[in-house]
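Shown next, in structure tokens, is the structure this report addresses.
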Amino acid sequence: ALIGARVINEGHVTAQEGTVAMVAGAKVQLRDFNAPGGLSPITVETALPAGSTGPLVDNTSSAVIEAVRTQVEAVAGNVFGLAINLQGVV
């Protein structure tokens, strides 16, 4: 999983039998729903630098993601902050 205020993949990410997740937002909560007894969630809090522009999740034109399942999400305070660039191969 790539998690942060802005997530950029310019290379090659592989999960032959798993999931590749690219998640951007001010606050991201991770939870393992398959864990016995239910583990406590892990929260990642980030902040974009003032004046930041461009997509929050960017899989550039030279990037490749290979996985059984791919999850790409962006959450922000405005509609423009939800921008996701998937120019690369998924």
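Heavy atoms only: backbone and side chains are in, while hydrogens, waters and symmetry mates are out. If you're wondering where the values come from, they're calculated on a predicted model, not measured in any experiment.
Rounding to the nearest 0.5 Å gives a distance of 11.5 Å between CD1 of Ile3 and CE of Met22. To the nearest 0.5 Å, the span separating CD on Glu10 from OG on Ser61 amounts to 9.0 Å.
Under the 4.5 Å side-chain contact rule for hydrophobic residues, Val57 and Leu2 share a cluster.
Side-chain contact between Val13 and Glu66 is absent, with no heavy-atom pair separated by less than 4.5 Å. In this structure, Ile65 and Asn9 have side chains that are in contact, with non-hydrogen atoms separated by less than 4.5 Å. Residues Arg6 and Asp58 form no side-chain contact, since every pair of their non-hydrogen atoms from C-beta on lies 4.5 Å or further apart.
The minimum heavy-atom distance linking Val20 with Ala15 is given by the pair CG2-CB, 3.8 Å. Between Ala24 and Leu56 the shortest heavy-atom distance is CB-O, 3.6 Å.
With sequence neighbours excluded, the residues that form a side chain to side chain contact (heavy atoms under 4.5 Å, CB included) with Gln16 are Thr14.
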